[in-house]
Colleague: 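Mind looking over this structure? Questions follow.
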Amino acid sequence: MTEEQEQKPAVEKNPHIYKPAYTKQEVDELTHWFEERMDRLPATLRLNEATTTSDLPRTVKALLAVLKVHKEDISVTFSGYMSHLDLIRLRLKEQGLE
């Protein structure tokens, strides 16, 4: 095994970005970020070693639709949607989408 292989983590970096609740401002900011870039989203996106989204635009639209309905109170019930979109945004930024 080479030194480079020894230093490479077994699992890709997957930051802990889950929060139990989000503010309306946080929801609006994330929603706006995606709405400005919907026409530039790739068809697929690899989130980590185990997860690939095969129809990213459809996934993002579906998650945003839920957030728009519940944006006044993104409690623990819907915070997973925000967390997932945050991870998608992070991966897209890592690929150069700004």
Colleague: Hey, could you give me each pair passing side-chain hydrogen bond (donor to acceptor under 3.5 Å, both in side chains) that has a residue in residues 54-66? Not counting sequence neighbours.
Modeller: none
Colleague: Quick one: CG on Leu67 to CG on Asp28, what's the gap to the nearest 0.5 Å?
Modeller: 10.0 Å
Colleague: Does Thr44 have any side chain to side chain donor-acceptor pair (under 3.5 Å) partners at least two apart in sequence or in another chain, and if so, which?
Modeller: none
Colleague: For a side-chain contact (heavy atoms from CB on, under 4.5 Å) check, start with the C-alpha distance between Asp86 and Arg89, then their side-chain angles and the critical distance, and finish with the verdict.
Modeller: CA-CA 5 Å; Asp86 246 352; Arg89 178 172 59 176; 2.8 Å; yes
Colleague: For atom CD of Glu36, decide whether the heavy atoms of other residues, nucleotides or ligands shown that lie under 6.0 angstrom number more than 12.
Modeller: yes
Colleague: Please name the pair of heavy atoms, one in Glu98 and one in Arg37, separated by the smallest distance, quoted to 0.1 Å.
Modeller: O-NE, 2.8 Å
Colleague: Quick one: closest heavy-atom pair of Leu63 and Tyr81, and the distance?
Modeller: CD2-CD2, 3.1 Å
Colleague: Please find the pair of heavy atoms, one from Pro42 and one from Leu92, that lie closest to each other, and give the distance.
Modeller: CD-CD2, 3.6 Å
Colleague: Please step through side-chain contact (heavy atoms from CB on, under 4.5 Å) for the pair Ile88 and Leu41, ending with a clear verdict.
Modeller: CA-CA 10 Å; Ile88 290 170; Leu41 294 179; 5.9 Å; no
Colleague: Whether the side chain of Thr23 engages the backbone of Glu26 through a donor-acceptor N/O pair (distance < 3.5 Å, no angle test) should be reported.
Modeller: yes
Colleague: Are more than 12 heavy atoms, taken from residues, nucleotides or ligands other than Phe34, located less than 6.0 Å from that residue's CZ atom?
Modeller: yes
Colleague: Looking at side-chain heavy atoms only, is the closest gap between Leu64 and Leu85 below 4.5 Å?
Modeller: yes
Colleague: Do Thr51 and Asn48 pair up side chain to side chain, a donor and an acceptor below 3.5 Å, judged on atom types alone?
Modeller: yes
Colleague: Judged by atom type as modelled, is there a donor-acceptor pair below 3.5 Å linking the side chain of Ser83 to the main-chain atoms of Gly80?
Modeller: no
Colleague: Could you pull out the closest heavy-atom pair between Arg91 and Leu47, with the gap in Å?
Modeller: NE-O, 2.7 Å
Colleague: I would like to know whether Glu35 and Lys68 meet salt bridge (charged side-chain N to carboxylate O under 4.0 Å, His left out); could you show each step before the answer?
Modeller: CA-CA 12 Å; Glu35 287 173 346; Lys68 285 179 183 179; 2.8 Å; yes
Colleague: Rounded at 0.5 Å granularity, tell me how far CE in Met82 sits from CG in Leu87.
Modeller: 12.5 Å
Colleague: I'd like to check the salt bridge (Lys or Arg N to Asp or Glu O under 4.0 Å) partners of Lys93; sequence neighbours left out, ordered by chain and number.
Modeller: none
Colleague: Flag the pair Asp39 / Pro57 as yes when at least one side-chain heavy-atom distance between them is below 4.5 Å, and no otherwise.
Modeller: no
